[in-house]
Engineer: 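Below is the structure I would like to discuss, written out as structure tokens.
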Amino acid sequence: MQSLLYYFCKARIAYRGDLLKTKIKELRKERRMSQADLAFEVGTTRQTITSIETEKYTASLVLAYKIAKYFGKQIEEVFDFSAVEDL
């Protein structure tokens, strides 16, 4: 069960507009993968991949690592941290 602090932090991030931009969709398209295919490969749901791609959800560090590793990239090559660096 997630703590209330977890949900508060996620809501605050979404409210502030600090969600990370990603290159996941482009990387998937290069490999001709569906969101469901990628979700299966990294151990999450298609809905989570959709939410990350549409910037409605920020991936956890573990999930970001799994996604980057799957594509053979560094996390910074898949996720744009420039908005976070300005905080």
Engineer: Can you establish whether the number of heavy atoms outside R32 located under 6.0 Å from its atom CZ is more than 12?
Structural biologist: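 No, not enclosed.
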Engineer: Between T48 and S51, does the side-chain hydrogen bond (donor to acceptor under 3.5 Å, both in side chains) criterion hold? Intermediate values first, please.
Structural biologist: CA-CA 5 Å; T48 297; S51 294; over 6 Å; no
Engineer: Quick one: NZ on K23 to CZ on F71, what's the gap to the nearest 0.5 Å?
Structural biologist: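 Going from the NZ atom of K23 to the CZ atom of F71 covers 12.5 Å.
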Engineer: Using a strict threshold of under 4.0 Å (side-chain N to carboxylate O), is an ion pair present between R28 and E53?
Structural biologist: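 Result for this pair is yes, salt bridge flagged.
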Engineer: Do L27 and K73 have side-chain heavy atoms sitting under 4.5 Å apart?
Structural biologist: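 Yes, side chains in contact.
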Engineer: Working to the nearest 0.5 angstrom, can you tell me the gap between F79 CZ and I24 CD1?
Structural biologist: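 Spacing of CZ (F79) from CD1 (I24) equals 4.0 Å.
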Engineer: Measure the spacing between NZ of K25 and CG of L38 and express it to the nearest 0.5 Å.
Structural biologist: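 Atom-to-atom, K25:NZ and L38:CG are 13.5 Å apart.
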Engineer: Return the CD1 to CE distance between I49 and M33, rounded to the nearest 0.5 Å.
Structural biologist: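 Result: 9.0 Å between the selected atoms.
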Engineer: Roughly how far, to the nearest 0.5 Å, is CD of E41 from CZ of R31?
Structural biologist: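 So the CZ of R31 and the CD of E41 are separated by 9.5 Å.
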Engineer: Who are the side-chain contact (heavy atoms from CB on, under 4.5 Å) partners of Q74, not counting sequence neighbours?
Structural biologist: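 Partners of Q74 under the side-chain contact (heavy atoms from CB on, under 4.5 Å) test: E76, E77.
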Engineer: Per the side-chain contact (heavy atoms from CB on, under 4.5 Å) rule, which among V62, V78, T22 passes with I67?
Structural biologist: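 That would be V78.
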Engineer: Answer whether the closest heavy-atom distance between the side chains of T45 and T50 falls below 4.5 Å.
Structural biologist: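 Heavy-atom side-chain distance check fails, nothing below 4.5 Å.
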Engineer: Of all the heavy-atom pairs spanning A59 and A64, show the shortest one and how long it is.
Structural biologist: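 Heavy atoms only, the tightest pair is CB-N, 4.1 Å.
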Engineer: Hey, does the Lys NZ or Arg CZ of R46 hover above the aromatic six-ring of F40, less than 6.0 Å from the centre and inside 45° of the axis?
Structural biologist: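 No - R46 does not lie over the ring of F40 by the 6.0 Å and 45° rule.
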